[in-house]
Amino acid sequence: MYAPLFITLKSRPLLAVLYSVTLVMGLLVALPMYATLMAEDGNSLAPLQLLPGFDYTVYSDFMAQSRKAISPLLSVGRWMGLAYLLLSVFFAGGILYRFAQPGATFRMVDFWRAASTYFGRYMRLLGVSALFVFSAGFIWLVIGSLVIAGFEDTFTERGLFWIGFGFFILFALAATLVLCIGDYAKVLMFREDETNAFQAFGRAAGVVRRNLLATYGRYLLVIAIGAGLFGLYFLLDGLIGMSNWPTIIIMLVAQQAFILSRLLLKVWNLGIVYDLYGRVK
C-alpha cells in the first residue's frame, strides 16, 4: 500500500487536474445557487439562521417561499452529479496509466489519451457493476422485508428497526464488494487489454474471492479512512461553526482540504488495486 501512496503523492499534476475539474463543477452549481439565494432572501434571516447548522423548520419555510427559484438549481445539481460520475469513469484510464508509468514525466496528452481509450470499456463495466449492485439491493430488500413481516408481532418497533438496519449493513457489504470487484476489473481490462465487461468482471471476481482479505480488506480500509475524514470534517464543523467571516473562511479551507483528500484516496485506491493485481492474479 505504501508504494502506490508515494506515487500518488508525487503525482501533483494529476491531482491538480482532478481537483480543478471538481472545483469547476462545484462552482457551476454553487455560484448560480448563491446568486439565487441572494435574490430570493430579500430581508429574510433564513440564510443567516442556517449558517450555524441545519434547521429543518427554517429550511422548509424558506423552500415554501422560494421553491420555484430553487428547484431548477437542485435539478442542475443532480445533473452535475451524474456528469461527475461519468467524468470519474473517464479519468480512471488516465489514473491507471500513471501507475503503469510511475517514473515517466506526467503529460496531459498521455493522460487524456489513456482516459479516452478506456472510457467505452469502463462505461460498459459501470453498467455491469450497477446491475449487480441493484440485484444485491433487491435481494436483501426482499429478504429483509420478509423477515420483518415474519417478526412483526414478536418485536417492538425498535427491534424491527435493528433487524432492518442489519439487512442494510449486509446490502452495504455486498455493494462495496461489487464495487471492489469492479475496480479489479478495471485494472484487468487495462493490463490485459480485455474488452468484454462481463468477462472482466467475472475474472476479477475470481481474483477477489481467492484473495479476499488482501483485496476486499484493503478496499474496506480505504473506505474506513474516507469515513474517518468525513467524520473529522463534521467534527470541525461542529466545533468551529460558520457564525462569522473568519470561521467561514476556516471551514472553506477545511472543506477544500477534505475534497482534495477524497481525490487522493480515490487515486491511491486505484494504485493499490493496480499494484495488488499484479501480485495476486
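We're numbering straight along the sequence, starting at 1.
Interatomic distance, L260 CG to L264 CG, rounded to the nearest 0.5 Å: 6.5 Å. Atom-to-atom distance recorded for L15:CG and T8:OG1 is 7.0 Å, nearest 0.5 angstrom. Rounded to the nearest 0.5 Å, atoms CZ (R203) and CD (E192) are 4.5 Å apart. Going from atom OH of Y277 over to atom CG of L188 covers 3.5 Å, rounded to the nearest 0.5 Å.
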Donor-acceptor pairs are to be reported for all side-chain atoms of residues 85-92 against protein atoms at under 3.5 Å, with residues two or more places apart or in another chain.
unit_1	atom_1	unit_2	atom_2	d
S88	OG	Y84	O	2.9
S88	OG	K266	NZ	2.9

With a 3.5 Å cut-off and sequence neighbours excluded, list the donor-acceptor pairs that the side chains of residues 158-184 form with protein atoms.
unit_1	atom_1	unit_2	atom_2	d
T176	OG1	A172	O	3.0
T176	OG1	L173	O	2.9
T176	OG1	Y216	OH	2.7
D183	OD2	N269	ND2	2.9

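Transitive grouping of hydrophobic side chains (ILVMFWY, heavy atoms separated by less than 4.5 Å) brings L131 and M189 into a common cluster. There is no path of hydrophobic side-chain contacts, each under 4.5 Å, that joins I249 to M251. Criterion: ILVMFWY side-chain heavy atoms under 4.5 Å apart, direct or through other members. Under it, L28 and L23 are part of a common hydrophobic cluster. In terms of hydrophobic clustering, with Ile, Leu, Val, Met, Phe, Trp and Tyr side chains grouped at heavy-atom distances under 4.5 Å, M123 and W112 are assigned to a common cluster. Using a 4.5 Å cut-off between side-chain heavy atoms of Ile, Leu, Val, Met, Phe, Trp and Tyr, with links allowed through other members, L146 and F151 fall into different hydrophobic clusters.
Heavy-atom neighbours of L235 CG from other residues, nucleotides or ligands within 6.0 Å: above the threshold of 12. The number of heavy-atom neighbours closer than 6.0 Å to CZ of R12, taken from other residues, nucleotides and ligands shown, is 12 or below. Around atom CZ of R191, more than 12 heavy atoms belonging to other residues, nucleotides or ligands sit under 6.0 Å away.
Remark: F230 engages F234, F258 in a ring-ring contact (aromatic ring centres under 6.0 Å, His included) (not counting sequence neighbours). Not a single side chain to side chain donor-acceptor pair (under 3.5 Å) links R262 to another residue, sequence neighbours left out. Looking at residues two or more places apart in sequence or on another chain, you find a side chain to side chain donor-acceptor pair (under 3.5 Å) between Q256 and Y19. T22 pairs by the side chain to side chain donor-acceptor pair (under 3.5 Å) definition with nothing, not counting sequence neighbours. Considering only residues two or more places apart in sequence or on other chains, Y118 meets the side chain to side chain donor-acceptor pair (under 3.5 Å) condition with none of them. The salt bridge (charged side-chain N to carboxylate O under 4.0 Å, His left out) search around R209 returns none, not counting sequence neighbours.
Hydrophobic cluster membership of F134, counting Ile, Leu, Val, Met, Phe, Trp and Tyr whose side-chain heavy atoms lie under 4.5 Å apart directly or via other members: none, as it forms a cluster of its own.
Here the closest heavy-atom approach between residue I225 and residue W268 is recorded as CD1-CZ3, 3.9 Å. Here the closest non-hydrogen pair linking G93 and A114 is O-CB, 3.7 Å. Nearest heavy-atom pair, R218 versus L276, reported as atom, atom and distance to 0.1 Å: CD-CD2, 4.0 Å. For the pair S129 and F201, the tightest heavy-atom approach, listed with the atom from each and the gap, is OG-CE1, 3.9 Å. A254 and L236 get closest at one heavy-atom pair: CB-CD1, 4.5 Å.
Listed by first and then second residue, the salt bridge (Lys or Arg N to Asp or Glu O under 4.0 Å) pairs that reach into residues 117-130 are R121-D193, sequence neighbours excluded. Among residue pairs with one or both ends in residues 130-146, none qualify as side-chain hydrogen bond (donor to acceptor under 3.5 Å, both in side chains); sequence neighbours excluded. Pairs passing the side-chain hydrogen bond (donor to acceptor under 3.5 Å, both in side chains) check and including a residue from residues 93-105, sequence neighbours excluded, read S11-R98.
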> Going through the distances and angles, do V142 and F138 end up as a side chain to side chain contact (heavy atoms under 4.5 Å, CB included)?
Replying inline: CA-CA 6 Å; V142 171; F138 178 76; 3.7 Å; yes
>> Using side chain to side chain contact (heavy atoms under 4.5 Å, CB included), reason through R210 and V280 one step at a time and then give a plain yes or no.
In response: CA-CA 9 Å; R210 292 191 300 270; V280 303; over 6 Å; no
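With P4 as the partner, the side chain to side chain contact (heavy atoms under 4.5 Å, CB included) test is satisfied by one option alone out of D275, L270, L9, V273: D275.
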